Amino acid sequence: MADRTAPNCHLRLEWVYGYRGHQCRNNLYYTAAKEIVYFVAGVGVVYNTREHKQKFYLGHNDDIISLALHPERVLVATGQVGKEPYICVWDSYTVQTVSILKDMHTHGISCLAFDLDGQVSVLSNKKDFALYQGIFDISWDLYQQSKLVSCGVKHIKFWSLCGNALTPKRGMFGKTGDLQTILCLACAKDEITYSGALNGDIYVWKGISLIRTVQGAHGSGIFSMNACEEGFATGGRDGCIRLWDLNFKPITVIDLRETDQGYKGLSVRSVCWRGDHILVGTQDSEIFEVVVHDRTKPFLIMQGHCEGELWALAVHPTKPLAMTGSDDRSVRIWSLVDHALIARCNMEEPIRCAAVSTDGIHLALGMKDGSFTVLRVRDMTEVVHIKDRKEAIHELKYSPDGAHLAVGSNDNSVDIYGVVQRYKKAGECVGSSSFITHMDWSTDSKYLQTNDGNGRRLFYKMPSGKEVTNREELKLVQWSSWTCVLGPEVNGIWPKYSDINDINSVEANFNSQVLVTADDYGLVKLFRYPCVRKGAKFKKYLGHSAHITNVRWSHDYQWVITIGGADHSVFQWKFVPERKSKETLHLAPQETLVDSHSEESDSDQSDVPEMDSEIEQETQLTYRRQVYKEDLPQLKEQCKEKHRAMAMKKRERAPASGLRLHFIHGYRGYDCRSNLFYTQTGEIVYHVAAVGVVYNRQQNTQRFYLGHDDDILCLAIHPIKDYVATGQVQSSRMMSVSAADGKRLASVGLDDNHTIVLWEWRKGEKLSTIRGSKDKIFVIKINPYMPDKLITAGVKHMKFWHRAGGGLIGKKGSMGKTETMMCAVYGWTEEMVFSGTCTGDICIWRDMFLVKTVKAHDGPMFSMHALEKGFVTGGKDGIVALWDDTFERCLKTYAIKRAVLAPGSKGLLLEDNPSIRAISLGHGHILVGTKNGEILEVEKNGPITLLVQGHMEGEVWGLATHPHLPLCATVSDDKTLRIWDLSPSHCMLAVRKLKKGGRCCCFSPDGKALAVGLNDGSFLIVNADTLEDLVSFHHRKDIISDIRFSPVTGKYLAVASGDSLVDIYNVMSSKRVGVCKGSMNYITHLDWDKRGKLLQVNTSAKEQLFFEAPRGKKQTIPATEVDKIDWSTWTCVLGSSCEGIWPAVSEVTEVTSACLSNDRKLLATGDDLGYVKLFKYPVKGKYAKFKRYMAHSTHVTNVRWSHDDSLLASVGGFDTCLMIWSHETEGRREARQCDSEESDIESEDDGGYDSDVTRENEIIYVIKALSTNVRLMTGVKPHLQLKEPSVDER
C-alpha cells in the first residue's frame, strides 16, 4: 500500500528575486538598521545589502500593494488586495506580526501612512469611499497634531481628525496653478505642504491654499516624494531624482537614464533619501542605490522581470544556475549561490518556455509566436532560430543523451530536432488533440511521454515520433525526469473536483523521493514520490500571490525554484531533507512561517457522526478568488464594446412560455394614507409596490394596472369612481393626488419645496405650479363646489389656496396653537373644511378660520371620509367612528378586533386595534386599510371581514414553497412567519410572531417541518401545520441568510450565516456535525446535490464554493464538472449554467435570487431593479435573452416555483408583498401587458442585447482607486492568450 502521509522533509524560503515597481509607488525605505524594506508578490522583504541576506514577512495571503514605515523606522505596515483585504503591522528586525487590522475595507489597501504616535492612516480603493476621485498618496502632517493630507485625481484634501471623525477641506488652487492631478505629497513645518503634479510641477500649499509653484521640476509626472532631515527627494517618470533643501530650493539632479546602468524609458516609482544614500525603485522592477557624492555610478542592488507574465524556467544541469524568460522579452540567468543576476539578453518575442542542453552549452527558448531560439549559455549569442509553428511553444526538453530537442506547441504537436545537425527536424508527434503542456524523456532517450490540454497522456517512439499504443512496450521504461502532471505516479497530487489545468507544473526529486508541485492557487506543495493514491497529504508553502507557472529542482537538489506568472517574481527555496528535520527546530522565527506543516489531504471522509475537534479547529486558508482590478475604467465604455461583440454571436431565444401576475398579498399601509376606495361596481381599488390593484371581493380575484416602474405612494379616485390616479417615486416624485369635479387633478411633490401642481389631466397639461411648503404636506384636496380652490395640510400647517390667473395664491389657516394635520376633507358647503390632527382632534374650519375642535381619537387621526350626511374617521387607536354632519355627535364606533372577525375572512388579524391608515364608505360597508398591511370590510351591524393582507413594514426575504401542496411560507423583518394558500382561496392560513425578524425559511422534503433562520444568528425548526417549535439553535452572531434541508430524507440541515460560515446539523440527532469554512464574505445562496453529499454555496464576494457534507470539507470543482453534478435544487446565481442571467453592467448583488423549475427547463430570477425574469435553462453564455416582468417596486429578494411548476412566487424587499405568478405554457399563452416581449427583439442599437441595457446605461458603476490597474489575479493559460504580433506585423 502506497504511503499517503506527508513527507518529513520541507522547504524554507531563501531568496526572492524581484521588486514590485509596477502599479505601486512609495514602497521602498531604509529601516533603522540601515536595511532595505520593500515587497514583492505576497511577501514583505527586509534586505541587508552589507551581508547580502534577506528576511521575509509572510503574514499576507494576497498581493501586497502598499507599504509604510513608522517614523522610528522599525515597524512596517503593509496592505494587500482582496475582497476583504487587511493590513499587517510587523517588526522589521524579527519579521513577526505586531498587529493585524481588518474588517474595514474592500478590494484593496492603496495607501498607508503612520503619524508620530504610530497611528496608521489608510486609504483603500473601496467603492464607497468618501473621496470619489482616485487617491494616490496620503501623509500625516508630523508638525500638526491630528492633521493629514491626501491627494489624487484633480484634487488635494486636508483632513482634521476629531475623535473618530475625519473632516476634509478641499485645497484651493486659485489662479496660482492649474487644477490637475496630484500624485504625491510631503508635509513640512508652518502648515506647508509640498505636492508633485502630473505635469512635473511642484505645488506649494500654505494651509489649504496654493501659494506658489515650482515649474518644470520634472519633465513629466512626479511619482514619489520623500522627506528627510536634509530636505526632500523627488522622482518622476522622466527618470530623474531631484534633491531639494528644507525650503524646497534645488540642490542637485541625478538623471538615472544617463548613468552607466540607465536606459531609455526608465521611470522612477519610489525614492528614499537618508544621509548620503538614495534608494530608487523603478517601473521595471529594479532597485538602485545612489551615493550622492558619486551620483553617476548608481548600484543596481535588485532586479526582476517586469511587464507581462513569467512562464519560462530552466536550471543548468551541472551548475547552480537558473534561467527564466518572460513576456517582457528578456531571458535572465540567476546565480543560486550568489543570489544575483549574472546575465541578461533581450529577445524579439515574448518567451514562454526554456530548456538547457544536457552538457550545459545551449539554452533553448520557446517563443509566443511559434518559433524557438537556441543561445550559447557562455555569451548569450544565437546559435539558431527556427519557426515551424504559428502558435506558442509551451514546452522544450533536451533528450538525456543530448542528441535531440523536443518542442511542444499550441498546435497540438511535438517536433523533434537533431542537435548535432544544427537543429534539423527529425520527427513529429501528432497524436494529441489539444495543446502540449508537459513532456519527459526516457533515460535511454528512446521514448517521450506528453500531457496535453485535454488531459491525455501519450507516448512516442523517438526520434521518429511514432505513437506507442502497446503499453506492454512501456512497462520497463525508466524516465529521466518527471515533470508531467498526469500519470499513475502523480495521481495523488490532484484535489477532488479539480480542473486539468489547475496544476501548472511538477517535478520529482528521485533521490529523496519527493515531488514538488505549483498550482493556480499560489501554493507550492511537497508530496511523497511516487504519489499514487488519491488524497495524499502534503506540505504547502505560501508566498506567491497568484498562479505559480513553473517549478524546478536545482541540479543538485539543494533548492527548488518557483516563478509567479503575474507577480513576475522568482522564489528560491532551500530544501531541508528528512535527515536534517531536527535542525528545523532551531530555525529563525520567520523561517518557520514558510512551512504550514499542515500535512493536509485534498480528499475527504465521506460521513462523520458528530462534530469533532478537527472541524472546530479547521484552519483552511482560501487562496482562490475572482479577479480584482483596482482602477476599473468607465464600465459604460466596456459595455459598448461588449454589446458590439455580443451582436456578432447567436444567442438562444427567450423561453416560449411566460408568466402572468395572478394575485398579490399585500397593501401599502405602513407609510401611506387614504389610498383605498370602492369603485362604481363595488370593487376595491388600492396599491402595493408598483401595482394598482382592483380587487373583486365576491370572486376573490384581482386585476392589475402595471403602468408604473417604481413605488406607488398615493392614489385618488374620480368623483364618479371610474378613473383612478396614482403617483410614484421618481426624480419628479408624486406624494398626494386629489380629483374634484373630474376635470382637474392636484399633486404634491416630494421635493424640498413640496411643489403643488394643478393639472388638466385629460390633456396632460399643467394649469398651475407653486411651491407648497418647506414642511411636509400630507394631503391635498380640491374644493368640490369651487374647483379653483384647494387646501393642503401637513406638518404644523393648514393652507387655503385659490387660483388667480395662471398661478395659485395660498394663505395659512388661522389657529392658536400650531398643530400637524394628518387628513382633511371638504364638508357640506364650499366654506366648510374639516381636518384631523396628530393628537386625535377634529378641526372645523370656515374659510380660513378655525371655528372649533372636537376630540375624536386617542392618538393621531390618519384618515377621514365625508358622507352625504356625516363623516367616518379612523386613527392610530384602531377605532372606526361614524359622526353626524356637524361632528357634534359620534353615532357609532367599531373596534377592529380578532373576536369580531367574520368566518369568511381571507386571513388572520395579527393584532387587535391596528393603526388605521385609510377609510372609505360605499355599497353599505366601511372599507378600512391598516398599517399592518390589512384591508378589512366593516358591516354597519358590526362583523368585520378580512379581505387582503400582507407583511408589515420591514424587508421580506424568506420564501419557501411546499414540496407537495399549493402552499408557501414567508418570513420577514416584521418578526412574523406566515403560511399562504396558493390555491384559488388566496388566503393566509397561519401566522406566528417571532422574537426576531427572519431572512430565510425552508420546508423539509416531506413537508412536515419548516426551518426558519432569524436575524440574530439563531434558527428554528417548527411544525409546518401548527408552527410550534420542534427544536431551536443559536450558534452564530450574525444573520442567518439561507437554510436548506438535504434532499430525500432531510437528514441534514445546512444553515448559512452572515459570519461567512455554513453549519451542518444532523436533524435526527439535533447536533451540529460540520462547519463549512473558507468563504471571504457572507453566504447568499445554498443548494444540495441530489445525493445530499455536496453543498454549493454563493457568497457576496462573488465566490462559487463547494463543500462536502456533512463534514464541511471544502472542494475545488471546475465548471465543467459542476455541470455534470445532479443538483436537487438550483437557487444559486453564480456558475456557468446561469452565466447569462447577469446584465452587462452588474455587481454580484444585482441578481438577488434564482430558482430552477422542477422540470429543469426554466430559470426564474429576481434582481435589484425589481424585475422578475424568465430564462431557458441552462443559461450558458453571457447576456442571454429573457422574458421580463415588472410589478415589484424595489429589489426582488426571492423567487420560488410551486411543486408542480404551475405557479411562481416572488417577494419584494421593501415593498413587503408576496406576488403569485401563473405559469402559462406556449400553447395557452396570450399577450399580457406585464409580459415584456422587448427582450426578444433584435435592436439595431444594442445588437439584440438584453432589455436591461437602457436602464443600466443610466447608472454609473465606476470604481476609482489606484492610478493603474493592479494585475489580474488569475492567470490566462498560455494557449488562451492572444497571439503576439510578429516583428513584421509590428
Side-chain angles (χ1 to χ4, degrees), residues 11-21 28 30 34-41 43-56 256 259-263 266 277 279-282 284-291 294 297-306 310 312-326 328-347 351 354 356 360 363 365 375-380 543-544 550-564 567-575:
L11 301 178
R12 174 168 49 85
L13 188 57
E14 183 176 286
W15 199 264
V16 177
Y17 303 88
Y19 154 71
R20 177 71 182 252
L28 183 63
Y30 285 110
K34 297 183 179 179
E35 296 176 316
I36 299 170
V37 62
Y38 59 96
F39 59 80
V40 61
V43 180
V45 182
V46 180
Y47 177 32
N48 186 319
T49 55
R50 299 179 303 280
E51 299 179 10
H52 195 50
K53 289 183 178 180
Q54 289 181 342
K55 296 181 290 187
F56 309 104
L256 289 177
T259 62
D260 296 342
Q261 302 281 358
Y263 54 89
L266 186 150
H277 290 73
L279 271 181
V280 182
T282 74
D284 289 344
S285 305
E286 300 148 330
I287 300 176
F288 290 94
E289 188 171 42
V290 182
V291 180
D294 195 9
K297 296 180 180 179
F299 298 98
L300 186 55
I301 59 176
M302 181 55 66
Q303 296 183 68
H305 285 279
C306 44
L310 174 60
L313 172 65
V315 294
H316 196 281
T318 59
K319 298 177 181 178
L321 301 176
M323 290 77 166
T324 57
S326 162
D328 66 6
R329 295 181 169 85
S330 71
V331 57
R332 306 179 188 225
I333 301 179
W334 312 87
S335 169
L336 304 181
V337 175
D338 298 330
H339 300 140
L341 179 70
I342 59 173
R344 170 179 173 167
C345 180
N346 291 330
M347 311 302 293
I351 303 163
V356 183
L363 171 63
L365 304 172
L375 305 177
R376 291 182 183 86
V377 173
R378 69 173 184 272
D379 56 8
M380 304 294 275
H544 288 283
N550 218 326
V551 60
R552 287 292 180 265
W553 291 94
S554 63
H555 75 288
D556 55 1
Y557 300 109
Q558 279 196 59
W559 297 285
V560 169
I561 313 301
T562 59
I563 56 174
D567 62 32
H568 309 164
S569 58
V570 181
F571 281 33
Q572 180 177 333
W573 309 81
K574 181 70 175 176
F575 177 59

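Keep in mind that this is a model prediction, so the values were computed, not measured.
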Counting distance only, does the side-chain N/O of [X] pair as donor-acceptor with the main-chain N or O of [Y] below 3.5 Å?
X	Y	answer
Ser285	Tyr19	yes
Arg332	Gly304	yes
Ser335	Ala340	no
Ser554	Trp559	yes
His555	Lys319	yes
Gln54	Val45	no

**Request:** Assign the ring pair His277 / Tyr30 to parallel, tilted or perpendicular, where the plane angle (0 to 90°) is split at 30° and 60°.
**Result:**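 Ring orientation, 0 to 90° scale: perpendicular.
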**Prompt:** Once the angle between the rings of His52 and Trp15 is folded into 0 to 90°, is it parallel (under 30°), tilted (30 to 60°) or perpendicular (over 60°)?
**Reply:**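 Plane angle between 30° and 60°, so tilted.
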Side-chain heavy atoms of [X] within contact of [Y], under 4.5 Å:
X	Y	answer
Tyr17	Leu341	no
Asp284	Tyr263	yes
Asp567	Val40	no
Leu11	Phe575	yes
Pro298	Val280	no
Gln558	Leu336	no
Trp573	Glu14	no
Leu256	Val290	yes

Identify the heavy atoms of [X] and [Y] that sit nearest to each other, and give their distance.
X	Y	result
Ile342	Leu321	CD1-CD2, 3.5 Å
Gly543	Ala41	O-CB, 3.7 Å
Met380	Cys345	CE-CB, 3.6 Å
Ser330	Arg344	CB-NE, 3.9 Å
Asp328	Cys306	OD2-N, 3.1 Å

**Prompt:** Would Thr318 and His316 count as a side chain to side chain contact (heavy atoms under 4.5 Å, CB included) if you check the C-alpha gap in whole Å, the side-chain angles of each, and the deciding distance to 0.1 Å?
**Reply:** CA-CA 6 Å; Thr318 59; His316 196 281; 3.0 Å; yes
Let me confirm one number: the [atom1]-[atom2] distance from [X] to [Y], rounded to the nearest 0.5 Å.
X	Y	atom1	atom2	value
Leu266	Thr259	CG	OG1	7.5 Å
Met302	Thr49	CE	OG1	10.5 Å
Asp260	Lys297	CG	NZ	7.0 Å
Leu310	His305	CG	NE2	5.0 Å
Arg20	His568	CZ	NE2	8.0 Å
Gln303	Trp334	CD	CH2	6.5 Å

**Message:** One pair to check against side chain to side chain contact (heavy atoms under 4.5 Å, CB included): Phe571 and Val43. What are the steps and the verdict?
**Reply:** CA-CA 10 Å; Phe571 281 33; Val43 180; 3.8 Å; yes
**Request:** Give the C-alpha distance, both sets of side-chain angles, the deciding distance and a yes or no for side chain to side chain contact (heavy atoms under 4.5 Å, CB included) between Glu286 and Gln261.
**Result:** CA-CA 11 Å; Glu286 300 148 330; Gln261 302 281 358; over 6 Å; no
**Message:** Using side chain to side chain contact (heavy atoms under 4.5 Å, CB included), reason through Leu375 and Met347 one step at a time and then give a plain yes or no.
**Reply:** CA-CA 11 Å; Leu375 305 177; Met347 311 302 293; 4.2 Å; yes
**Asked** Do other residues, nucleotides or ligands put more than 12 heavy atoms under 6.0 Å from Tyr557 OH?
**Response**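 Counting neighbours around OH of Tyr557, more than 12 heavy atoms of other residues, nucleotides or ligands fall under 6.0 Å, so yes.
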**side-chain contact (heavy atoms from CB on, under 4.5 Å), paired with Thr324, selected from Ile563, Ile561, Ile351** =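 Per the side-chain contact (heavy atoms from CB on, under 4.5 Å) rule, the option paired with Thr324 is Ile563, out of Ile563, Ile561, Ile351.
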**Prompt:** Which one of Leu28, Val46, Asn48 satisfies the side-chain contact (heavy atoms from CB on, under 4.5 Å) criterion with Ile36?
**Reply:**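 That would be Leu28; it is the only one of Leu28, Val46, Asn48 passing the side-chain contact (heavy atoms from CB on, under 4.5 Å) with Ile36.
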